[in-house]
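Only one structure is covered here, and it is reproduced in the block below.
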Amino acid sequence: AITYRDAHVKTDITDVNAFRSYFTDKNEWLNGKTKPVGFVRAPWSGDIESTEKVTKELSVTIRCLPLDQNKVLGPCVITGNPATCEAIFGRNY
């Protein structure tokens, strides 16, 4: 189960353009389609208002804030501001 989970969590999405690209035109959940969508684990600034503008448009929500946070976060995937934690984003269905 852990191997399957880790195989379907993207960790290389680093900016809002890549985030949009990943969740746009990917309407199938991991079911063997050519463009399956899973989850994105990325740095997040904690700015709910700015995040909602993008996530509502893409039908994405924050699913959880992992307990095993990376010590070095970098910029927020949505706003580009300094991140305060990592979040796992996923598509709403």
Side-chain angles (χ1 to χ4, degrees):
I2 291 172
T3 301
Y4 181 85
R5 178 201 65 194
D6 291 347
H8 297 95
V9 176
K10 299 281 288 177
T11 57
D12 60 346
I13 307 290
T14 59
D15 61 44
V16 72
N17 292 329
F19 188 86
R20 284 180 190 277
S21 177
Y22 181 72
F23 284 112
T24 301
D25 297 330
K26 294 181 185 247
N27 296 317
E28 299 297 331
W29 172 247
L30 307 171
N31 63 357
K33 300 292 182 181
T34 56
K35 290 184 171 181
V37 64
F39 295 96
V40 170
R41 180 176 179 154
W44 180 52
S45 67
D47 183 346
I48 294 170
E49 188 174 313
S50 295
T51 301
E52 283 183 341
K53 292 176 186 175
V54 174
T55 57
K56 281 185 180 183
E57 173 188 327
L58 298 170
S59 297
V60 171
T61 60
I62 293 175
R63 298 309 175 102
C64 69
L65 303 177
L67 294 176
D68 62 331
Q69 295 283 315
N70 284 320
K71 294 187 187 312
V72 178
L73 296 173
C76 172
V77 70
I78 304 291
T79 66
N81 294 330
T84 58
C85 64
E86 283 184 307
I88 295 184
F89 299 86
R91 167 90 64 192
N92 291 336
Y93 290 97

- Item | Least distance between heavy atoms, Pro75 atom then Gly80 atom | CB-O, 3.5 Å

- Shortest non-hydrogen separation from Pro66 to Ala87 and the atoms involved: CD-CA, 4.2 Å

- Query: How long is the span from the CD atom in Glu57 to the CZ atom in Phe23, to the nearest 0.5 Å?
  - Reply: 12.5 Å

- Message: Please find the pair of heavy atoms, one from Phe89 and one from Thr51, that lie closest to each other, and give the distance.
- Response: CE2-CG2, 4.3 Å

- What's the spacing between Ile62 CD1 and Ile88 CD1 if we round to 0.5 Å? 10.5 Å

- Query: Which pair of heavy atoms, one from Arg91 and one from Leu58, lies closest together, and at what distance?
  - Reply: NH1-O, 2.6 Å

- Message: As a quick check of understanding, evaluate side chain to side chain contact (heavy atoms under 4.5 Å, CB included) for Thr14 and Phe19, giving each step before the final call.
- Response: CA-CA 7 Å; Thr14 59; Phe19 188 86; over 6 Å; no

- Message: Quick check: do Val16 and Val77 have side-chain heavy atoms less than 4.5 Å from each other?
- Response: no

- Message: Do Arg5 and Thr3 pair up side chain to side chain, a donor and an acceptor below 3.5 Å, judged on atom types alone?
- Response: no

- Task: Would you confirm whether Glu86, through its side chain, and Gln69, through its main-chain N or O, come within 3.5 Å as a donor-acceptor pair?
- Result: no

- Please name the pair of heavy atoms, one in Leu73 and one in Thr84, separated by the smallest distance, quoted to 0.1 Å. CD1-C, 3.4 Å

- Separation of Ile78 CD1 from Cys76 SG (nearest 0.5 Å): 6.0 Å

- Indicate yes or no for a side-chain donor-acceptor contact from Thr61 to the backbone of Arg63 under 3.5 Å, with no hydrogens or angles considered. no

- Between Ile13 and Ala42, which heavy-atom pair has the shortest distance, and what is it? O-CB, 3.9 Å

- In Å and rounded to the nearest 0.5 Å, what is the NZ to NZ distance from Lys53 to Lys56? 11.0 Å

- Item | Salt-bridge present (Arg41, Asp6; N to O < 4.0 Å) | no

- Message: Nearest 0.5 Å, please: how far is CG in Asp15 from OG in Ser21?
- Response: 9.5 Å

- Message: Please check this pair: side chain of Tyr22 against backbone of Lys10, looking for a donor-acceptor N/O pair closer than 3.5 Å.
- Response: no

- Query: Can you tell me how far CH2 of Trp44 sits from SG of Cys85, rounded to the nearest 0.5 angstrom?
  - Reply: 6.0 Å

